Student: 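Quick one: the structure is below, and I'll ask about it shortly.
As the structure is a computational prediction, the values presented were derived from the model and not from experiment. Proteins come first, then strands; the chains are lettered A, B, ... in the order of their sequence lines, and each starts at number 1.
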Amino acid sequence: MIDKRVGSPREAVAGIGDGDTVMIGGFGEAGSPIELIHALIDHGAANLTVISNNSGSGEIGLAALIRAGQVAKIVCSFPRSTNSTVFPDLFNAGRIQLELVPQGTLAERIRAGGAGIPAFYTPTAAGTDLEAGKERREFNGRPCLLEHALVADWSLIKARTADSHGNLVYNKTARNFSPLMAMAGRNTVAQASSVVKPGGLDPEAVITPGIFVDHVVHVPNPQHESELVARGARYP
Amino acid sequence: MIDKRVGSPREAVAGIGDGDTVMIGGFGEAGSPIELIHALIDHGAANLTVISNNSGSGEIGLAALIRAGQVAKIVCSFPRSTNSTVFPDLFNAGRIQLELVPQGTLAERIRAGGAGIPAFYTPTAAGTDLEAGKERREFNGRPCLLEHALVADWSLIKARTADSHGNLVYNKTARNFSPLMAMAGRNTVAQASSVVKPGGLDPEAVITPGIFVDHVVHVPNPQHESELVARGARYP
Amino acid sequence: MSPAAMGLTTRQVARRAAQDIPDGSYVNLGIGLPELIALFIPDDREIVLHIENGLLGMGPSPEPGKGDPELINAGKKQVTTRPGASYFHQADSFAMIRGGHLDLSVLGALEVAANGDLANWSTGGEGAIPAVGGAMDLVSGVKAVYVITRHCTRDGTPKLVERCSYPLTGARVVDRVYTDLAVIDITPNGFEVVELSPGVSFDEVAARTAAPLGDARPA
Amino acid sequence: MSPAAMGLTTRQVARRAAQDIPDGSYVNLGIGLPELIALFIPDDREIVLHIENGLLGMGPSPEPGKGDPELINAGKKQVTTRPGASYFHQADSFAMIRGGHLDLSVLGALEVAANGDLANWSTGGEGAIPAVGGAMDLVSGVKAVYVITRHCTRDGTPKLVERCSYPLTGARVVDRVYTDLAVIDITPNGFEVVELSPGVSFDEVAARTAAPLGDARPA
């Protein structure tokens, strides 16, 4: 009997350990699993490496996790926000490390991790400062860089609907990194606005097959980062 | 105004030239674009390199294209069929070349071609005869092989429904290689059982975004390979 | 007892192998003999069957005339789906395989070597058409690889050998072998019998195995 | 005429650039000034706008209160969709970019060099938080890269230069630049003016360009 549902965000993240690598879905607020992130703040795991496209806004969600001092390093394409100084302040104080990765390379490295491809070549960033420390090789006369797969101990993502097998569909541009992170996480936790029985999702329209998902948490009315920021919310 | 519909399979394949590389979708009969293949036989382009998972069955579809002598080389994972001697006979006579590629590596090489990834490493086939001629490199202590992207001048695929922008959805396991080949073909032709207006497909459920598709042909009642083989059909 | 009558029938071997697939597993069953395992999965277990041409959640064969020629398994036979099924393209399907997401792959064999080498894709013979399909991907990526096979070929030649003579599908990939005669693990010490089929002795298995055979049966 | 009043307004530059986007193109518009181009696409053309966070077929901003916080563009502003739209994940989105499937990317710039080098992601300054997003992917993959920018910075420093002083986004990637003063192609011979804005002379553009400037205007 396959039933991946767990009762609460708290239970879902209980296994995250100090020093773990955690992928967190979302591009801006779209797809950000705020309730899982807040549960991780409550949980308190420290010295985390977080892989996420952004570094959060305001003082909730990902920004709050960083502000809580739980993140030692972030792997990220765009760690800047008009609404937050949390990451910049810690970064400039030398209290958090940054690995800056072009967005497409970040996506492809995560996919590679999930797909068992240890490394690949890409033309992106060749000839720029982000080439530093990377192997260069020409293909068809074009300089390319060797990029390595990313995997994580945990992936925390947000879905629109899940079934109890862990099959997922997403909402609009909230899809972004989540299907890739689901593949690359050894333990993938999906919060979903609704949870249905197997057969409740069209097999042709499933975006993330359940094999990539370990735990499903029902979060019926997920909060929106922009609304929380607009009213000056802080977590905790 | 974007309208990728063309009137017939004949028109859709008219631009294929001698010596072109042609990807052909399908795993067994599921997803095989028989009507497009037959149009290519009528068209007569010769000296083709065909990239397809199988080599066809009976004397229709892909097997008929090979039998017509139009294929100089096939890149394939499983060129054997219980229902056809077309490829084996030509291969044993030295009249067609074969590049044998493990199925997952074939899929990944096609995806890489469509995604602008020139090459990647994979553990598949390391330590086997199919390692011959390939660069080996270890990652995390595991031997891996360097595999290069595949692209094509043309991709011929079969969809269930298309819109006039070229957005596609597929039927069950007929999806197989087609979304990847759509990405890797400089000219991608999709035959579809039904064709709708833009807006007629759910944006959340589109499998192949229209950007990957150049021509859409309405083939309302596509033939099934197994039925044609069962009644001993030949083409032409 | 003649060799032909000794040990389990093919269906009994499939049934035996099915007992060892844990509830909740994601499993790929190879073409041929391994396909039979699907018939014997115990009713109290939910196993998700993966077929590499693009489906998780394979169900049984359709009733005659009720199938879809575009819903087929890797052996190109028509199948059905179970609730919770999903379709995906080949790159995603092999991401599941290569990325280590499947718990188990059960494959047929031409030969299995004592170090876990598997040969099951080519006899390397003159005039044989080489065809590999997804076999090399499966053995390189799936967490555990079981083999299900007759212990010997029709002419009595052992298939469990010291070193494979046929071209390899993968090196050091097999974890366990189910045959008509025994269940045999591949260990750092080579082949070790963990279970004998009813009416079969250890010596009878050893005599039909072309490599040293350990005995790891529970005391 | 004071420098501030010379040439086109920002919106006029966006309108001018929009004229050159062919019907049927697949186009990515960068954050900031390039976003304005979407407002000026001629009615008789169908352009499919790609946003790298996962949408083809971006439509205009939603009416107030009608948007979805999870339907946003790369600048994280709410948008809508047009008929024929599709959603996809980041690996597919950047496959479109890196794989050469987009016809055009229009980006902003800190500097453009005469050899086509583009700097638009970092001033490299002390304490500045480096953030690259999809810019390096776009310039490495899209078939044509246009830049839309003020010709000079607020303090009058030319942005079209012999060699970029800021960190590069990509080497030899820009095809054409639209500024308030002119439309300028990047050619093997460097910058070449193909069109002057109304009321602007070639010499005025040359005086505000920190690299040799050719004249390729139609006779």
Student: Between C/A74, C/A119, C/G54, C/A128, which has the largest tally of heavy atom pairs under 4.5 Å with chain B?
Tutor: C/A74

Student: Please classify the contact between C/T169 and chain B as side chain, backbone, both or neither, with a heavy-atom cut-off of under 4.5 Å.
Tutor: backbone

Student: Mind checking whether B/N54 and C/K76 have side chains closer than 4.5 Å, heavy atoms only?
Tutor: yes

Student: Does B/R111 use its side chain to pair, donor to acceptor, with the backbone of C/A91 at less than 3.5 Å?
Tutor: no

Student: I need the minimum non-hydrogen distance between B/P102 and C/D137, along with the two atoms involved.
Tutor: CB-OD2, 3.6 Å

Student: Quick one: pull up CD in B/E29 and CD in C/Q78 and give me the separation to the nearest 0.5 Å.
Tutor: 7.0 Å

Student: For B/T105, which atoms come within 4.5 Å of any heavy atom of chain C: side chain, backbone, both, or neither?
Tutor: both

Student: For B/F91, which atoms come within 4.5 Å of any heavy atom of chain C: side chain, backbone, both, or neither?
Tutor: side chain

Student: What distance do B/L100 atom CG and C/I129 atom CD1 have between them, rounded to the nearest 0.5 Å?
Tutor: 10.5 Å

Student: Tell me, do C/N73 and B/T173 make a side-chain contact under 4.5 Å, heavy atoms counted?
Tutor: no

Student: Evaluate the side-chain proximity of B/F78 to C/V132: yes if any heavy-atom separation is below 4.5 Å, no if none is.
Tutor: no

Student: Compute whether any side-chain donor of one residue and acceptor of the other, for C/Q90 and B/Q103, lie under 3.5 angstrom apart.
Tutor: yes

Student: Stepwise, does the side chain to side chain contact (heavy atoms under 4.5 Å, CB included) test hold for B/F27 with C/I51?
Tutor: CA-CA 12 Å; B/F27 176 93; C/I51 56 177; over 6 Å; no

Student: Side chain, backbone, both or neither: which part of C/Y87 has an atom under 4.5 Å from a heavy atom of chain B?
Tutor: both

Student: Are any of the side-chain heavy atoms of C/H89 and B/N176 separated by less than 4.5 Å?
Tutor: no

Student: Which region of B/N92, side chain (C-beta onward) or backbone (N, CA, C, O), has a non-hydrogen atom less than 4.5 Å from a non-hydrogen atom of chain C, or is it both or neither?
Tutor: side chain

Student: Using only non-hydrogen atoms and a strict under-4.5 angstrom cutoff, which residues of residues 14-40 of chain C touch chain B?
Tutor: none

Student: Could you have a look at C/N53, C/V79, C/L71 and say which one has the most heavy-atom pairs with chain B under 4.5 angstrom?
Tutor: C/N53

Student: Indicate every side-chain donor-acceptor pair of residues 160-168 of chain C with a distance under 3.5 Å to a residue at least two apart or in another chain.
Tutor:
from   : atom 1 : to     : atom 2 : distance (Å)
C/S165 : OG     : C/E111 : OE1    : 3.4
C/S165 : OG     : C/E111 : OE2    : 2.7

Student: Taking only residues two or more places apart in sequence or in another chain, which ones pass ring-ring contact (aromatic ring centres under 6.0 Å, His included) with B/F139?
Tutor: A/H148, B/Y121

Student: Under a 4.5 Å heavy-atom cut-off, does chain C meet the side chain of B/Y170, its backbone, both or neither?
Tutor: neither

Student: Residue by residue, which of residues 177-188 of chain B have a heavy atom closer than 4.5 Å to a heavy atom belonging to chain C?
Tutor: B/F177, B/P179, B/L180

Student: Below 4.5 Å from any heavy atom of chain C, which atoms of B/N53 appear? Answer side chain, backbone, both or neither.
Tutor: neither

Student: Non-hydrogen atoms of chain B under 4.5 Å away: do they reach the side chain of C/I72, the backbone, both or neither?
Tutor: both

Student: Is there a side-chain contact between B/I207 and C/F88 in this structure, where contact means two heavy atoms from C-beta onward sitting under 4.5 Å apart?
Tutor: no

Student: Taking the basic N atoms (NZ, or NE/NH1/NH2) and the acidic carboxylate oxygens, is any pair closer than 4.0 Å for C/E70 and B/K158?
Tutor: yes

Student: Measure the spacing between CZ of B/R175 and OG of C/S93 and express it to the nearest 0.5 Å.
Tutor: 11.0 Å

Student: Heavy-atom pairs under 4.5 Å with chain C: which of B/P88, B/S32, B/G127 has the most?
Tutor: B/P88

Student: Please indicate whether B/N140 has more than 12 foreign heavy atoms, meaning atoms of other residues, nucleotides or ligands, lying under 6.0 Å from its CG.
Tutor: no

Student: Locate the shortest heavy-atom distance separating B/L98 from C/P130; write the atom from each residue and the value.
Tutor: CD2-CG, 3.8 Å

Student: Within the distance-only criterion (no hydrogens, no angle test), does the side chain of C/R98 pair as donor or acceptor with the backbone N or O of B/G104 below 3.5 angstrom?
Tutor: yes

Student: Mind listing the closest non-hydrogen atom pair of C/S140 and B/T124 along with its distance?
Tutor: OG-OG1, 3.1 Å

